[in-house]
Amino acid sequence: MSPSPSRSSRASSTGRSGNLKQQLARLVGIVIVLILVALITRYCGIEQDIHFMIKDQVQAIDGDTLKSANAEVRLYGIDAPELYQTCTGADGKPWDCGRAAQAKLKSLVARRAVDCTPKSRDKFDRTVAVCYTSAVPDLGEALVREGLAVNFGVGDAPGPYSAAEADAQAAKRGVWRGLFDKPFDWRQAKPREGD
């Protein structure tokens with residue numbers, strides 16, 4: 001005896017309804033996964049490289065920070081004297097080491113495109129990145145080697161430029177030619193609003 005037409009149409013209708021529910025559940029799952037990926041990308045530091053074009057008018061706002069209309073980047077692995085920080089030269093006289101660090105960074109990026117590979121974000125929500133130009137393979141290392149920034153590690157981890165810092169120290173370049181407060185210590189003594 002064959003099933004009645006009404007029973008088979010109900011089974012077919014139930015099958016379609018179940019199939020529709022499965023497809024809807026699958027679609028919701030895909031949307032949730034896409035939202036999670038977007039959130040992880042935004043908040044876990046997965047960022048695209050930053051490219052400052054020559055026309056972007058990149059500014060060195062101090063010795064370790066670059067800024068354009070679209071982005072602000074702090075150089076990874078270094079800490080440069082603060083803009084208004086002074087150091088003491090070998091002759092015992094003060095000199096504007098913060099302004100000298102800014103001037104050096106300006107000269108390194110002058111009339112050049114700058115590429116940066118993000119590493120993290122700092123407490124001011126700036127991108128922290130390794131940056132380079134066609135003429136300078138690593139801006140952070142160049143500043144440390146000139147004695148216009150110090151190698152900067154995080155926690156117990158040493159910074160990436162200890163060899164460059166040792167070279168600057170031995171040659172008495174930049175801040176190493178006299179006495180200076182490490183930029184971190186100088187900031188602690190003279191905190192700005194928001195620190």
Considering non-hydrogen atoms only, spot the tightest contact between D62 and L105 and give its length.
O-CD2, 3.5 Å
Quick check for you: to the nearest 0.5 Å, what is the distance between E72 atom CD and F124 atom CZ?
10.0 Å
Where do A129 and V73 come nearest, in terms of heavy atoms and distance?
CB-CG1, 3.7 Å
Do L75 and C131 have side chains that get closer than 4.5 Å, going by heavy atoms?
yes
Quick check against the 3.5 Å criterion: does Q85 have a side-chain atom that pairs as donor or acceptor with the backbone of D181?
yes
Straight-line distance of C97 SG to Q102 CD, nearest 0.5 Å:
12.5 Å
Considering all heavy atoms, the nearest T65-R126 contact:
OG1-NH1, 3.4 Å
Between D96 (side chain only) and G98 (backbone N and O only), is there a donor and an acceptor less than 3.5 Å apart?
no
Considering all heavy atoms of both residues, which atom of P160 and which atom of F152 are nearest to each other, and what is their separation?
CD-O, 4.1 Å
OG1/T117 to NZ/K119 distance, rounded to the nearest 0.5 angstrom?
7.5 Å
Within the side chain of D122, is there an N or O that forms a donor-acceptor pair under 3.5 Å with the backbone of D125?
yes
Look at the side-chain heavy atoms of Ile, Leu, Val, Met, Phe, Trp and Tyr, link any pair under 4.5 Å apart, and say whether L108 and Y161 land in one connected group.
yes
Could you tell me whether the side chain of R112 reaches within less than 4.5 Å of the side chain of S134, counting heavy atoms only?
yes
pair L139-V130: side-chain heavy atoms closer than 4.5 Å
no
Nearest atoms (heavy-atom pairs only) where P81 meets V175:
CG-CG1, 4.0 Å
Just wondering, do K190 and Y84 contact through their side chains at under 4.5 Å, heavy atoms?
no
Separation between OH of Y76 and OG1 of T127, rounded to the nearest 0.5 Å
14.5 Å
Less than 4.0 Å between a side-chain N and a carboxylate O, is that true for D79 and R74?
yes
With clusters defined by side-chain heavy atoms of hydrophobic residues (ILVMFWY) lying less than 4.5 Å apart, directly or transitively, does V136 cluster with L143?
yes
Do D167 and R173 have side chains that get closer than 4.5 Å, going by heavy atoms?
yes
Shortest non-hydrogen separation from P183 to V150 and the atoms involved
CD-CG2, 4.0 Å
Looking only at atom types and distance, does a side-chain atom of D64 sit under 3.5 Å from a main-chain N or O of A80, one as donor and one as acceptor?
yes
Tell me, with the steps shown, if R177 and W95 meet side chain to side chain contact (heavy atoms under 4.5 Å, CB included).
CA-CA 11 Å; R177 66 182 186 220; W95 62 286; 3.2 Å; yes
Are I61 and L66 packed together at the side-chain level, in the sense that at least one heavy-atom pair is separated by less than 4.5 angstrom?
no
